[in-house]
Amino acid sequence: MKLFSLRGGLSLAGHKGGTAGRPIRVMPAPPVLHLPLRQHAGDPAKPVVAEGDTVRRGERLAESAGPLSAPLHAPAAGRVTAVRPETAPHPSGLPAETVVLETAAGDDEAPLAPPVEPEAAAPGEIAARVGDAGIVGLGGGAFPAAVKLDLGHHYALDTLVINGAECEPYLTADDQLMREKAPAVVDGARVMAAALGVGRVVVGIEANKPRALEAMRTAAGRLPDGPAVVALPVRYPMGSERHLVQVLTGRETPSGRLTAEVGVVVHNAGTARAVHDAVRQGRPLTHRVVTVSGGAVRRPANVMVPLGTRVRDLVAFCGGLRADPARLLAGGPFTGNPLPGLDVPVVKGFNGILALTADEARERPAQPCIRCGACVEVCPCGLVPVEMMAHIRKEELDDADTLGVRDCVRCGSCAYACPSHIPLVQYFAYAQGRLRGLDVERRNQDLQRVAARERQERMARLERERQEKKARQARRRQQQDAEQQGGEAPRKADPAAAGPVADQGSRTGS
């Protein structure tokens, strides 16, 4: 099929040799699991267990808190020892509500949900099963998958894209998953296509993953309506959702819009496998494949790890550390988030744990901008990073907004290409956060103005009603007074008061 070009981007050293092609290792559950209630975009889940409760593997620990949320299930049988705030797997290191599960020996599994036949099921039934299984985007975004599977009710969709690009250095989790579980990934893609009501499914995999391409093409070829498996150019950031859609379909997603608005929905290859497990087998999401790599790791590996496992335990499963890492990341070296330490848990959105040495981290002091334009050349979004940065430094956020800072996907290409080592992505992340905050403030101010105007109108209406009521009461009193005065009967003469005159007249008349 015809492919379209990607603007800008980088050709990078893969650094994938440490884990590429190595079979996925299955890690047993550690003695204690720490399961944050927020492992997805949206509202944190609400716990349905308390301290002292015993649970079986796969049993629900927390339920969805609303339409943009996802439930949480136990990766192992055990006993809940606490539901308390613990350090979150987030750069801030702030606490987050967490279920602490002390695992038990044995394999006591909760009954699985009955399988759903997607060929006969309604789209809403498939999406509901995916939502009940707690599945979120496993490519790193962690957006609740059921919400994206419901987009067919709101947009005119025609294509589902399965993202198997895995363009970031070091990461090989999706590559190895597609090699080993290609039939499940292909079937999961077909299930999601049925939920979305689309007839076209395309799997995009970078050309430097020949074995994954071969395995996926073989699995797709066994089906009469199997997806098209396409080899993509090896170019970072090919795995960016809107850029992947542009390369595969030629459709450019408008600024501030969703790819669904151009008829395309994108899901990760790992998400497709999880959907297969949930719909065909009734299994909730309790484990995921994570690449553990970097120069500081003794034995890099791709590991099927129980959610809630501490990073320290996962690294120990891979032989521990050779030395203290200069940078510890969840995700890839470009878009991953720094971790506050080894004692944070693995969550659904982690596709990699990287312990990088100082040489790998490329941490160098920033120098003044020389306005060389390298950042402009590599920006895949067609932005002008040097100008946006200049405005952000001056807190001229509206000007940066006009230049399109909200359209930045924070791929890090500009910072990597910058000869002055300016941390451009941090500037843009700051600006996006501040602009979102300003949007909230403006919306709140608008709501306050509307509320104040409505209150004034309400008070004015109540005052008019009081005045009208008083006027009615006054008119009623006047009417009553008039009725009393005008309806009074004339007095009758009292004979006793007439005295002798009355008696004399009486006698005279007689």
Side-chain angles (χ1 to χ4, degrees), residues 1-9 41-42 67-68 137 139-145 147-163 165 167 192-193 196-202 204 230 232-233 235-268 335 375-389 391-392 397-414 424-425 427-429 431-440 442-443:
M1 70 183 272
K2 179 183 177 181
L3 297 180
F4 298 83
S5 61
L6 173 69
R7 179 195 295 116
L68 193 61
F143 194 85
V147 177
K148 292 181 76 172
L149 291 181
D150 193 48
L151 292 176
H153 292 100
H154 308 285
Y155 300 97
L157 305 176
D158 56 55
T159 303
L160 168 65
V161 170
I162 299 300
N163 187 350
C167 58
M192 290 192 286
L196 291 166
V198 301
R200 183 187 185 212
V201 182
V202 182
V230 180
L232 300 168
R235 190 80 175 168
Y236 180 81
M238 189 61 68
S240 167
E241 182 174 279
R242 59 180 56 203
H243 297 105
L244 181 61
V245 169
Q246 185 175 350
V247 169
L248 288 172
T249 68
R251 305 174 192 174
E252 188 165 357
T253 306
S255 174
R257 304 289 185 173
L258 302 173
T259 60
E261 298 186 47
V262 296
V264 185
V265 170
V266 181
H267 277 283
N268 173 262
T335 61
C375 58
V376 180
E377 292 178 5
V378 300
C379 179
C381 299
L383 304 176
V384 188
V386 60
E387 296 295 340
M388 295 192 303
M389 177 201 64
H391 287 295
I392 295 167
L397 299 180
D398 288 336
D399 292 329
D401 195 10
T402 302
L403 290 173
V405 71
R406 292 181 197 252
D407 292 325
C408 171
V409 296
R410 289 191 270 173
C411 66
S413 297
C414 55
L424 293 163
V425 176
Y427 281 103
F428 305 148
Q432 289 174 346
R434 286 283 290 119
L435 286 169
R436 285 194 297 270
L438 290 172
D439 287 343
V440 172
R442 288 164 184 160
R443 282 196 297 270

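Note that the structure is predicted; figures quoted are calculated from it, not measured.
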Roughly how far, to the nearest 0.5 Å, is [atom2] of [Y] from [atom1] of [X]?
| X | Y | atom1 | atom2 | result |
| --- | --- | --- | --- | --- |
| Asp399 | Ile392 | CG | CD1 | 10.5 Å |
| Arg406 | Cys381 | CZ | SG | 15.0 Å |
| Thr253 | Leu258 | OG1 | CG | 8.5 Å |
| Glu252 | Gln246 | CD | CD | 4.5 Å |
| Arg200 | Thr159 | CZ | OG1 | 4.5 Å |

Discussion item. Show, in sequence, the C-alpha distance, side-chain angles and deciding distance for Arg257 and Glu241, and conclude whether the salt bridge (Lys or Arg N to Asp or Glu O under 4.0 Å) test is met.
Written reply: CA-CA 12 Å; Arg257 304 289 185 173; Glu241 182 174 279; over 6 Å; no
Checking Val245, Val161, Leu244 against Thr259 for side chain to side chain contact (heavy atoms under 4.5 Å, CB included), the one that qualifies is Val245
Only one of Thr402, Leu397, Leu403 passes side chain to side chain contact (heavy atoms under 4.5 Å, CB included) with Met388, and that residue is Leu403
Counting C-beta onward and ignoring hydrogens, is there a side-chain heavy-atom pair between [X] and [Y] closer than 4.5 Å?
| X | Y | answer |
| --- | --- | --- |
| Val202 | Val230 | yes |
| Pro385 | Val378 | no |
| Asp398 | His391 | no |
| Leu248 | Leu232 | yes |
| Glu387 | Val376 | no |

What do the steps show when you test Val265 against His267 for side-chain contact (heavy atoms from CB on, under 4.5 Å), and what is the final call? CA-CA 7 Å; Val265 170; His267 277 283; 3.8 Å; yes
Arg410-Gln432 side chain donor-acceptor pair, cut-off 3.5 Å
yes
Ion pair check, Arg434 and Asp401, cut-off under 4.0 Å:
no
### Task
Output yes when Glu261 and Arg242 qualify as a salt bridge under the 4.0 Å nitrogen-oxygen rule, no when they do not.
no
Smallest separation among heavy atoms of [X] and [Y], with atom names:
| X | Y | value |
| --- | --- | --- |
| Asn163 | Gly239 | ND2-O, 2.8 Å |
| Leu424 | Cys375 | CD1-CB, 4.1 Å |
| Leu157 | Ala260 | CD2-O, 3.6 Å |
| Leu160 | Ala193 | CD2-N, 3.8 Å |
| Asp150 | His153 | OD1-ND1, 2.7 Å |
| Phe428 | Cys408 | CD1-SG, 3.9 Å |

Residues passing the side chain to side chain contact (heavy atoms under 4.5 Å, CB included) test with Val147, sequence neighbours excluded, are Leu68, Phe143, Pro144
Sorted by chain and number, sequence neighbours left out, side chain to side chain contact (heavy atoms under 4.5 Å, CB included) with Cys411 holds for Tyr236, Pro237, Pro380, Val409, Ser413
